[in-house]
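By convention in this document, chain letters (A, B, ...) are assigned in the order of the sequence lines, proteins followed by strands, and residues within each chain are numbered from 1.
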Amino acid sequence: MKRLLLAIALVAGLVTGCSARTELTVLGPWSGAEEQSFRAMFAGFEAQHDVTIDYIGTPAVNQVLQADVQKGQPPDVAVLSSPGELARYTADGLHKISGVSDAEYSQQWRTLLRLGTPDLYAVPVKADLKSIVWFNKKNPPDASARSWPGLLDYTVRVKPAWCLGMEAFSTSGWPGTDWIEDILLHQSGPDVYEAWANGALPWTADAVRAAWTTWGQLLATQGTPGMRSAALLTYFGDAGKQMFATPPGCHLEHQGSFATGSYPKGADYDFFPFPAIGHVPDAWEVSVNVAGLFTDNPLAREFMTYLAGAQAQAVWPARQDSSAFSVNQKVLAASVYKGSVSPRIAAVLASAPRLCLDASDVMPAAMADAFSRAVLEFLGDPGRLGDILSGLDQVRTGLADEARLSAPCG
Amino acid sequence: MTEKVSTTRRDLLRLRLGLLGLTVVVLAMSVWSFAATQSVLGTVRDRTAPAVLDVASAKAALMQAHLAAVNSFVDGGATLVGAGEEYTTDLAVAEQDLARAAGDNAGGSTGSGELQLIAGLLTTYSGWMSAADTHFREGTRDLYLTDLWYAARSLYGSQQTLAHLEGLASLQRKELDQQLSDGWLNRWTVLAWLVPSILLSLLLVYTQRYLWRRFGRRFNVGLIGATALLVLLIGATASGLVLADRAHAADAVLTSYVSNTDQRANAVSTTAQRGLILAVRQACSPTGCGATLPDTAPAAPQSTPAATTTAADATAGFADATDLSWLLVLIPVLALGVAGLALVGLQPRIDEYRYRS
């Protein structure tokens, strides 16, 4: 009888052990190769805690999360491409977290990860540095091009100077929004940028208008016939490849650090910082994928701590041909980044004294969409700038009550 | 002191137990096999095959809508009707097909995810078409052609609508193939009910011979009746194989229809892309068309062979594959008959030995 009881207990233990393996649900924006990279980030956590992470990747992550939260069935953790979208849930749905070490993240990032509140709400998964200009090292611009007047001069002399591509499927126009954001940040400074990004400054304000007209002047300086229609028709991922054609189709590309992922294999490239246009403090525009905690599950809380740690943060940047970056300072110190370009980008991301989130990622989705469309309208007919800015400001005032991230710079 | 049991009585009891036991096994396996086959074929008829048809139809309707819109803008009809009535109708048909595919979804959670994604991408597509309409009426040629190009890119671009539609079609197709070849529709699973049935027939024959040798009675009417009913039962259960063959024939019709529909949709798609690329290139060539627009438009498509099958043929074929469901009642009745007649045949002999030791 004892043997029988022992056998039953053993079988019961096996059955319950098999069927009760803990699960965490994680929602994120990645599929395909990016999903594999993200899964590699948390594989160690699954092994350590004997847990299965049910990852659901969808490009419509914002909509899926919103529906899940409204139904009262949020995932344990959600990773969003837009910190502004995550900030919507700080009042209801998002849980405070801990475990982001002061020794591993700069003060700037710890400020940004608070999403405009006194508490920590987000963990960075990977980040991109904007405010940079790429070039082919075989056709480098002269040193003078690293100042704004020098850049304008280079644009006049070298035809065509800029690789431009505005098409991006449903979000066509966003590469132009990066131009406006960078010009505004480097022309009027982080304080004005912050006020504009969080909706306090009208689109019709002089500083914002100046950013648009400055971009328009640069494009006019480029002067290539049909440059605007070519920019409108070109997929953003195809634009920069022309730098490496023979002869080069263009010489400079204003694009984030992820751009190298679409450059031809073996291409020899480098970058320089987007130059200051006015007398303003030095600042960099960045974008970041952030994870937020949506349940009070202790294991999910541990997962957030694990995700923020150097061990997990080093995984994605260390993968072959990766153009992903971590903002964890221990990852930077661990020499994960190879070559001459990546360590410099990683150093800026992890330690720059002033960082501002991509304004489009901070604005409500409707505002960001209107911004992208406005870029297309502006390229179609720059003479309509007044109407375009008035239209954008009408959208802004209509969204005045929308929850948004109030502190996009850190 | 133990009682000595007659070996004849013991043999008869064992034969009765064997016959009844095997009949129960035959009953269980036959009913299980036939019911499971019916269930799978019912799912194929009601969900999987319609889902495959829905997705093929959605793609065809979407391509027709796109061609209609491109023609409307390129030929100038858009001045009055925008993308046009045909575009609106065909796009609505595509959306209804996808809604039905969602109801029939055989692709599990992956299929649901794909359908949600495609619905979102179609919203993007129709959004660009609306923008093209607005810009066309405003007379901003560069922008309406750009909008049309963006609409086309949201269809043809990497990981965009058509890629996901094809992924979804492949998922549904895979599920259909799996349902028609795995589980109870796998030819080898016939052994699950055929082996016990053969064992039962052998036991019936053996019992008949035993009674002949032991009691000198050449024929036992009960056992002969049981054997005859068993043959009928095997025939009834084997009709599941006939149904599976009908389903495979319907699948061949479906495959031919979907392949032809796909070819025609691709031809419509090529015509639309050709018209759009020629129009955009004509507008941008003097100045600059960028790095993404193809240098040359695709050649006009060759004519597609006429369809030899229809969706209705395939649907009727799958319905035929499930029209013998009444056999599910007959099979247990036959099995009970086998058991009853076996008892009728054996019980009098057992009773003869009731008091013998």
Side-chain angles (χ1 to χ4, degrees), chain A residues 27 31-34 54 56-64 67 159-160 163-173 222-245 249-250 253 262 369 372-373 375-381 383-384 387, chain B residues 109-110 112-128 130-132 134-135 138-164 167 276-277 279-294:
Chain A
L27 178 69
S31 56
E34 287 188 311
D54 181 17
I56 302 153
T58 167
V61 62
N62 294 343
Q63 292 84 341
V64 172
K159 302 289 183 190
C163 314
L164 294 165
M166 296 296 134
E167 193 251 304
F169 302 122
S170 63
T171 54
S172 292
Q222 172 128 333
T224 318
M227 170 273 301
R228 287 185 290 117
S229 66
L232 284 169
L233 293 170
T234 301
Y235 177 60
F236 77 95
D238 292 338
K241 290 177 186 168
Q242 303 307 305
M243 283 192 294
F244 306 97
C250 51
E253 185 182 33
S262 61
D369 284 349
S372 298
R373 293 292 178 119
V375 162
L376 304 177
E377 296 285 340
F378 179 68
L379 276 172
D381 182 3
R384 292 186 54 229
D387 290 343
Chain B
S109 60
T110 313
S112 298
E114 286 287 293
L115 280 159
Q116 276 179 4
L117 200 55
I118 292 166
L121 289 166
L122 280 184
T123 306
T124 299
Y125 171 77
S126 58
W128 287 122
S130 300
T134 307
H135 286 132
E138 286 172 355
T140 43
R141 190 179 189 218
D142 273 3
L143 281 179
Y144 88 72
L145 283 172
T146 300
D147 295 329
L148 268 184
W149 176 241
Y150 287 176
R153 289 279 294 163
S154 78
L155 290 181
Y156 298 99
S158 165
Q159 291 301 303
Q160 298 300 301
T161 314
L162 283 182
H164 284 285
L276 178 60
I277 290 169
V280 176
R281 201 151 261 295
Q282 190 183 15
C284 67
S285 278
T287 52
C289 297
T292 304
L293 190 76

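- Judged by distance alone, with hydrogens and angles left aside, the side-chain atoms of B:Y150 form a donor-acceptor pair with the main-chain N or O of A:L232 at under 3.5 Å.
- Of the inter-residue distances, the one linking A:S229 atom OG with B:L145 atom CG reads 10.0 Å to the nearest 0.5 angstrom.
- A distance of 13.5 Å separates CZ in A:R228 from SG in B:C284, rounded to the nearest 0.5 Å.
- Only the side chain of A:Q242 comes within contact range of chain B, with heavy atoms under 4.5 Å apart.
- Residue A:D381 holds its CG atom at 8.0 Å from CG of B:L143, rounded to the nearest 0.5 Å.
- Summarising the local packing, CD of B:Q282 is surrounded by 12 or fewer heavy atoms from other residues, nucleotides or ligands at distances under 6.0 Å.
- Atom-to-atom distance recorded for A:F169:CZ and B:T161:OG1 is 9.5 Å, nearest 0.5 angstrom.
- Between A:L376 and B:T146, the closest side-chain pair of non-hydrogen atoms is not below 4.5 Å.
- Ranked by heavy-atom pairs under 4.5 Å with chain B, the first of A:C163, A:S172, A:A60, A:G380 is A:S172.
- Residue B:T292 touches chain A through both its backbone and its side chain, counting heavy-atom pairs closer than 4.5 Å.
- Separation of atoms OG (A:S170) and CD (B:Q160) is listed at 7.0 Å; rounding is to 0.5 Å.
- For the set A:V64, A:L233, A:L164, the count of heavy-atom pairs under 4.5 angstrom toward chain B peaks at A:L233.
- Contact annotation for A:E377: both backbone and side-chain heavy atoms come within less than 4.5 Å of a heavy atom of chain B.
- No part of B:A151 comes within reach of chain A, as not one of its non-hydrogen atoms sits under 4.5 angstrom from that chain.
- Across every non-hydrogen atom of A:T234 and B:C289, the tightest pair is OG1-O, 4.5 Å.
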